[in-house]
Every structure is written in C-alpha cells, then in structure tokens.
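The next block holds one structure in the form of structure tokens; read it before the comments.
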Amino acid sequence: MSELSRRHFLAGTAAAALSTSPALAAMGPNDKFDLVIKGGDVLDPSQSLRGKRDIGIRWGVVEAVEPEIPAARAAKTIDATGKLVTPGLVDLHCHVYPYGSAIGIPADELVQFQGTTTVVSAGDAGVNNLAALRRFIVAQTRARMYAFLHIANNGLSAFPVAELYNIDNAQVEACAMGLAENPDFLIGVKVRMSENVIFKHGIEPLKRAIQACEMCGWPAKMMVHIGGVETPQLMSDILNLLRPGDILTHAYSGAPNMAGAFTNIVQDGKLLPAALAAKQRGVIFDVGHGGGSFDFTVAEVAIPAGGSPDTLSSDIHVFSGNSPGAPYLPNVMGKFMAMGFSLEQVVAMATIAPARIINRAPKIGTLQIGAPGDVSILDMIEGPVTFVDTRNNKRDGKVQLKPVQTVINGVPFGRPYQAPFAVR
C-alpha cells in the first residue's frame, strides 16, 4: 500500500470510528458515570467555584459538576466527604527524567505525595538526550508531562558537574532544532544562571538560550534559574533580558554566590528595580522551592514590594525531596498560606496559573465540563504547624495540605496517600 493510500485509509478509519463513538454522545438518563467523586469541598479558581459538589467523570473527561449526583448513576465512587477537591495540581518545575538526568524521579512515583497530574521537566534533557526522554519516559508515564529543553546539550546528565562551565555545551542551533521538532511537547528553554553553574560566562548563556527560542519558529518561553548569581549587576542584566511570558524560577532564592555575597532579586534589603520592572512587563515569578532555593526572608521583602509569585512549584528531585524544607507541592502551598495567601490563591497558583503558562492541552488546571478528568483530593488539616525554608528560617502556620487521592484522566491513581515524612 502506498504512503498516500495508507494515510487516506487511516484517516477514513479514524473518521468512521469517531462518527459512531459513544464518547461523543450525550448522556442518557440511564447512562452511568465511570467515576463520581462525591461530597467534597470543591475549589476550582478557574471558575470561581467553591462549595460542596459531586464530580462526574465519563470517558476520561469531566461530564458533570453538580450539587448531587445519585449514587445509582456511578459505576465507581470516591467518597470525598470532608476533603478538599481541586483540579489536578500542575507542577511547573520538577525533575522527572530518571536514568537520563542525574537527579530525576519517576513522575508517577510522585503522584501520591504531591497530587500532581501534570508535571514539567525543568531542563533535565538537552538536545542530546531529549529523544530518550520523550520515547522512553513520557511514553510510559501516566501523569501528563511536558518539558523545558536545557540550552546545554547534555542537560543535567552530568550533575553535580556544572553543565555550563564549558560554554561550548550551549549550542544555539542544536537547541533551536530540538525546539522546532517538538513544539507539542516542549515549553521552551531552561538555563541555570548561578555562578556555580556558569562560572564567569556572565550573560552569555542566557543570550544563547533566548536566541534558540527565537530561532525555533514558535513562541518558546525561557525558564531562568537564579540563586547565587556572580555579581549584583548580573542579576539586573538577567532580569532586563527577560521577555513577557518568560519565567524566573527560584524567584525567592536566598542562596549566596561563590564569594558568599547575596546577589538575587532582593539586595540590601530591597527588591531590585529591575525585578519590579520585569514583573510589571509580564515576566512570570515562579517559586521553584527545591532543596536550596526558597528563603522566607527574601519572599517577605519581595512580595509586598510588588514581586508576588505567579506560580508555586516544587523543584522536586532526588536530593530536594529529602531536604528539611520538604518541597512537595502541597507543602509549598501550605507555606504560602502561612505567609498570608488565601487557600483560593495557592490553589490557583498550583492549577490554572501554571496550566495557562504551559498551554499544551485543553482545559488543564480546571474542572470545567469537557476538561480531562484530572482531580486532586486533599486533606486540609487545621492546627498549628511550623514550616521551614531552605535556609532554616521557620514560620508558623495554621493549615497543612496533604494528598489523599489523585485521579488522572478519570482513573484513580496509586494507593491512598501515606506520609513518608513529617510535614515541616
């Protein structure tokens, strides 16, 4: 069979299947939902929805959000009484490339600890090992996965050896080619701009990364890691180069540079003017907590001065997951509640806000009718709790969030949550 006739044959077969598929038919009065999540306190910031609701899922998508769905209409039921029910959590910055990145964790193993239904690999792969990430990791992962491509050809495969001490690892045309070939999967380019990663190359790695974005043929975004930048001026230079929609991750890092100086967005006790200007022109401020990249004292200066976060993310990886700050995404959400953010705000920053940034599948980060059946069910535990950042600063809070059950594409995922650590 010729290629042309084969293509026509497959297209015709698919069209015939779609025309008779029951998934496209409206539900009849006797039809059952595949899954009903009953009795939960539903919070969906994308719809300004808060209240007791039942969620009906059929054929992997949200079919109904109603005050009550009769039990007889459910093939399977999850009792969410007394639980917080949100759209599936979206983690904009994590490391989920096991075997190909030196710090990667399997995304599906994180689900029960994070409640994440969508994850973004933050530069684990460069162009040299991108194909293996897509073919062998994403293809076998039930959680939805996207990625930022590292400007360094080898990504984070050599960690803890710094990938950009040798600037020749940053090959612009190769990176642009990787972006051009994978626009459905990639979000853009990642670069780490800390002194202990780029040594004395100054602004050059970021310039190359932006150039790759602009060469690839589609509007690729930057994700720029900061923390211990070489000089105070370089931090401002980084901020001044970022374009609207680019992402500053580890925005509230307090990590010093190699000389011990504090050179991030808060200097001499004030938010840098370049940071405020970046925020005002549409640069995204992402938390990227990790094992060394979130400092309460930096956030407490930056936020009231106009440098508020747009997205919460974990920067979870094999080292940070065992660090005292316990940067699992629901725990990060709890920390920002302890800083005065509302429950609605932290849920929005972990659902609809990152979903809009990645913009790769319809209706992620929402429970709208027709959205993928991605749901996070959380315990909201009220009572005194002490949170710690990555520099051993402590803040007291009143609420902890813990995953109970996660649903991905309408299917309950993994065993019910059991804490492997004491929440801090």
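When a residue number appears, it is its place in the shown sequence, counting from 1.
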Would you say the side-chain atoms of E181 pair up with the backbone N or O of G178, donor to acceptor, closer than 3.5 Å?
no

Classify the side-chain pair S320/D315 by whether it contains a donor and acceptor separated by less than 3.5 Å.
no

Roughly how far apart are R135 CZ and L130 CG, rounded to 0.5 Å?
11.0 Å

Measuring only between side-chain heavy atoms, which start at C-beta, is M349 closer than 4.5 Å to D310?
no

Between F336 and F294, is the ring centre distance below 6.0 Å?
yes

Atom CG of L206 and atom CG of L242: how far apart are they, to the nearest 0.5 Å?
6.0 Å

Mutual orientation of the aromatic rings belonging to F159 and H317 [parallel < 30°, tilted 30-60°, perpendicular > 60°]:
tilted

A side-chain contact here means heavy atoms from C-beta on lying under 4.5 Å apart; do T406 and T117 qualify?
yes

Straight-line distance of H150 NE2 to S101 OG, nearest 0.5 Å:
9.5 Å

Between R395 and E300, is there a side-chain N and carboxylate O pair less than 4.0 Å apart?
yes

Is it the case that atom CD in E173 sees more than 12 heavy atoms from other parts of the structure closer than 6.0 Å?
no

Distance only, no hydrogens: is a donor on one side chain within 3.5 Å (strictly under) of an acceptor on the other, for N129 and N154?
no

Less than 4.0 Å between a side-chain N and a carboxylate O, is that true for D295 and R391?
yes

Looking at CD1 of I103 and CG of L156, how far apart are the two atoms once the value is rounded to the nearest 0.5 Å?
5.0 Å

Under 3.5 Å, side chain of N169 to main-chain N/O of E163, donor-acceptor pair present?
yes

Is there side-chain contact between H289 and S314, with heavy atoms separated by less than 4.5 Å?
no

Looking at residues at least two apart in the chain, or sitting in another chain, which of them share a salt bridge (Lys or Arg N to Asp or Glu O under 4.0 Å) with K83?
D379

Just by modelled atom types, is the I69 backbone N or O under 3.5 Å from a matching donor or acceptor in the K38 side chain?
yes

Mind checking what makes side-chain contact (heavy atoms from CB on, under 4.5 Å) contact with Y99, not counting sequence neighbours?
I137

What's the verdict on side chain to side chain contact (heavy atoms under 4.5 Å, CB included) for V127 and C175, showing C-alpha distance, side-chain angles and the deciding distance?
CA-CA 6 Å; V127 68; C175 184; 5.6 Å; no

Could you go through residues 213-228 and list every donor-acceptor pair under 3.5 Å that involves a side-chain atom there, pairing it with any protein atom two or more places apart or in another chain?
| from | atom 1 | to | atom 2 | distance (Å) |
| --- | --- | --- | --- | --- |
| W218 | NE1 | L179 | O | 2.9 |
| H225 | ND1 | H250 | NE2 | 3.0 |
| H225 | NE2 | S194 | OG | 2.9 |

Would D286 and T311 count as having a side-chain donor-acceptor pair, cut-off 3.5 Å?
yes

For A180, which residues count as a side-chain contact (heavy atoms from CB on, under 4.5 Å) partner, sequence neighbours excluded?
none

Of all heavy-atom pairs between V111 and A143, which one has the smallest distance, and what is that distance?
CG2-CB, 4.5 Å

Do K200 and E195 sit within salt-bridge range, that is, some charged N less than 4.0 Å from a carboxylate O?
yes

Side-chain contact, heavy-atom cut-off 4.5 Å: I57 with E63?
no

Between N331 and G325, which heavy-atom pair has the shortest distance, and what is it?
ND2-O, 3.5 Å

Do the side chain of S313 and the main chain of G288 share a donor and acceptor less than 3.5 angstrom apart?
yes

For Q114 and L329, indicate whether the former's side chain and the latter's backbone hold a donor-acceptor pair under 3.5 Å.
yes

Which pair of heavy atoms, one from V62 and one from I55, lies closest together, and at what distance?
CG1-CG2, 4.3 Å

Looking at T263 and V229, what are the two nearest heavy atoms and their distance?
OG1-O, 2.5 Å

If you round to the nearest 0.5 Å, how far is CE of M258 from CG of N196?
6.5 Å

Is it the case that the side chain of Y252 and the backbone of S293 share a donor-acceptor pair, with hydrogens and angles ignored and the cut-off at 3.5 Å?
no

Quick one: closest heavy-atom pair of S323 and G291, and the distance?
OG-CA, 3.6 Å

Donor-acceptor side-chain pairing of T141 and D108 below 3.5 angstrom:
no

Take N409 and R142, measure what side-chain hydrogen bond (donor to acceptor under 3.5 Å, both in side chains) needs, and give me the verdict at the end.
CA-CA 9 Å; N409 287 322; R142 286 179 58 186; over 6 Å; no

Just by distance, do the side chain of N182 and the backbone of L186 share a donor-acceptor pair under 3.5 Å?
no

Ignoring hydrogens and geometry, is there a side-chain-to-backbone donor-acceptor pair from R192 to A162 under 3.5 Å?
no

Shortest non-hydrogen separation from D44 to Q368 and the atoms involved
OD2-N, 4.1 Å

When you check the gap from the basic side-chain N to the acidic O, do K398 and E382 get nearer than 4.0 Å?
no

R360 vs I187, test: side chain to side chain contact (heavy atoms under 4.5 Å, CB included). Steps then yes/no.
CA-CA 8 Å; R360 285 301 186 276; I187 310 301; 3.7 Å; yes

Could you tell me if S46 and T366 have a donor-acceptor pair between their side chains, going purely by distance under 3.5 Å?
yes

Which residues satisfy the side chain to side chain donor-acceptor pair (under 3.5 Å) test with R356, sequence neighbours excluded?
none

Are any of the side-chain heavy atoms of T86 and L89 separated by less than 4.5 Å?
yes

How about I37 and I377: do any of their side-chain heavy atoms sit closer than 4.5 Å?
yes

Spatial distance of atom CD1 (I238) from atom CG (L248) [nearest 0.5 Å]
8.5 Å

Within 6.0 angstrom of K207 NZ, more than 12 heavy atoms from elsewhere
no

For V42, is there any backbone N or O sitting under 3.5 Å from a side-chain donor or acceptor partner on K52?
no

Taking 4.0 angstrom as the limit, do D54 and R73 come out as a salt bridge?
no

Between D374 and K363, does the salt bridge (charged side-chain N to carboxylate O under 4.0 Å, His left out) criterion hold? Intermediate values first, please.
CA-CA 10 Å; D374 292 357; K363 298 184 177 178; over 6 Å; no

Check whether any side-chain heavy atom of I167 sits under 4.5 Å from a side-chain heavy atom of F199, and report yes or no.
no

Just wondering, do V96 and L110 contact through their side chains at under 4.5 Å, heavy atoms?
yes

Assess the residue pair D91 and T116 against the criterion (side-chain hydrogen bond (donor to acceptor under 3.5 Å, both in side chains)); give the C-alpha distance rounded to whole Å, side-chain angles, the decisive distance to 0.1 Å, and a yes or no.
CA-CA 7 Å; D91 195 344; T116 42; 5.7 Å; no

For D41, give me all partners under salt bridge (Lys or Arg N to Asp or Glu O under 4.0 Å), at least two apart in sequence or on another chain.
R50

After noting the C-alpha distance and the side-chain angles of M27 and F33, does the key distance pass the side chain to side chain contact (heavy atoms under 4.5 Å, CB included) rule?
CA-CA 9 Å; M27 288 189 73; F33 296 97; 3.4 Å; yes

Would you confirm whether N153, through its side chain, and A174, through its main-chain N or O, come within 3.5 Å as a donor-acceptor pair?
no

